[in-house]
Q: 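Shown below is the structure under consideration.
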Amino acid sequence: MRVIVAKTLEEMGKEAGAIVAEGMRAKPHYVLGLATGDTPKPLYRELIRLHKEEDLDFSTTVSFNLDEYIGLPATHDQSYRYFMDHELFNHVNIVKANTHVPDGMTDDVETHCLVYEATIEDVGGIDCQVLGIGRNGHIGFNEPGSSLASRTRAVDLTESTIEANAPHFPNPEDMPRRAITMGIGTILESEKIIMLACGPKKAAAVAAALEGPVCVKCPASALQLHPDVTFVVTEDAATGLTLKFRR
Ligand code: GLP
């Protein structure tokens, strides 16, 4: 796995943006896998800049988001659909119909997950999947203990994730306890993967993902099984790594 250690959040966004843009420019109908949370925001700012200043074209881009809370409508400001619209989609020329986020309000979760997987397959799979990492090593909402072969499905969130994300809700009790997430098996089928991480709270998870055993205790360790993964992390998230990974 390649590791790029960035000095600032802006640099993290630029490094990741350059990889995404290179792929998009090389292949029309590029299929992006996207993540939410605070970490990918610098990347989305960079993609918006590249669109506005360097003609990066999203008109044929297709996207699939990793996950969504069960029970939140797209209009809720903590829903991942709302996040994506506001942090990226509304600012570039992507066709909204080509953007996919799991529907947290579906009344048939199982069918919805099967259709989500089938839709990814129909467009030829994900070319580049962007990931963040949870403090407990989760990717998407694949919490520790998730099967490394898991597919898109409904999951229960762990206390650690609820504690990390609940403060974003005006009333923390309102944070959903369940979510739909792409599986680890789904993620590993992407052609290329970019993992972003920043902040000291992610250092242990980043070290476990890169240097620990491949193990369900740290879902992100499954990325070691993939042939094309780049970690783009800030220095404070890289403190647990040994020298061989430092740039
Ligand atoms: C959330 C999301 C993940 C995200 C992670 C880190 O729970 N489901 O996809 O990567 O937590 O979020 P943040 O970047 O805000 O630290």
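Owing to the predicted nature of the structure, the values given are computational and were not obtained by experimental measurement. In each ligand, atom 1 is the first atom listed, and ligand 1 is the first ligand listed.
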Q: Measure up the F169 and H76 rings against each other and bin them: parallel (under 30°), tilted (30 to 60°), perpendicular (over 60°).
A: tilted
Q: To check your reading of the model: name the closest protein heavy atom to atom 4 (C) of ligand 1, its residue, and the distance in Å.
A: T36 O, 3.9 Å
Q: Considering heavy atoms of the protein only, find what lies nearest to atom 12 (O) of ligand 1 and give residue, atom and distance to 0.1 Å.
A: G37 CA, 4.1 Å
Q: So Y69 and F141, would you call those rings parallel, tilted or perpendicular, with 30° and 60° as cut-offs?
A: tilted
Q: If you have a sec, work out which protein heavy atom is nearest atom 3 (C) of ligand 1 and how many Å separate them, to one decimal?
A: G140 O, 3.5 Å
Q: Among all protein heavy atoms, pick the one closest to atom 15 (O) of ligand 1 and tell me residue, atom and distance.
A: D38 N, 2.8 Å
Q: Closest by any non-hydrogen atom to atom 6 (C) of ligand 1: pick that one out of I133, I162, T39, D67.
A: I133
Q: Please could you name the atoms of ligand 1 that N165 approaches to less than 4.0 Å, counting only its heavy atoms?
A: 1 (C), 7 (O)
Q: Just say parallel, tilted or perpendicular for the rings of H86 and Y82, cut-offs at 30° and 60°.
A: parallel
Q: Should you measure from each heavy atom of F141, which atoms of ligand 1 turn up under 4.0 Å away?
A: 7 (O), 8 (N)
Q: Run the ring-centre check on F58 versus Y30 and record whether the distance is less than 6.0 Å.
A: no
Q: Tell me which pairs pass side-chain hydrogen bond (donor to acceptor under 3.5 Å, both in side chains) where either residue lies in residues 126-139, with sequence neighbours left out.
A: K27-D127, N136-H138, N136-E143, N136-T158, H138-E143, H138-T161
Q: Is Y69 touching ligand 1 with its side chain, its backbone, both, or neither, if touching means heavy atoms under 4.0 Å apart?
A: neither
Q: Find the distance between CG (L223) and CD1 (I187) and round it off to the nearest 0.5 Å.
A: 7.5 Å
Q: Mark up the atoms of ligand 1 that fall under 4.0 Å of a heavy atom belonging to G132, in ascending order.
A: 10 (O)
Q: Could you check whether any side-chain heavy atom of T186 comes within less than 4.5 Å of a side-chain heavy atom of L188, counting everything from C-beta outward?
A: no
Q: Name all pairs fulfilling the side-chain hydrogen bond (donor to acceptor under 3.5 Å, both in side chains) condition that reach into residues 190-201, sequence neighbours left out, sorted by first residue then second.
A: K192-D228
Q: Name the closest protein heavy atom to atom 16 (O) of ligand 1, giving the residue it belongs to and the distance to 0.1 Å.
A: K202 NZ, 2.6 Å
Q: Give the residue and atom name of whichever protein heavy atom lies nearest to atom 11 (O) of ligand 1, and the separation in Å to one decimal.
A: H138 NE2, 3.3 Å
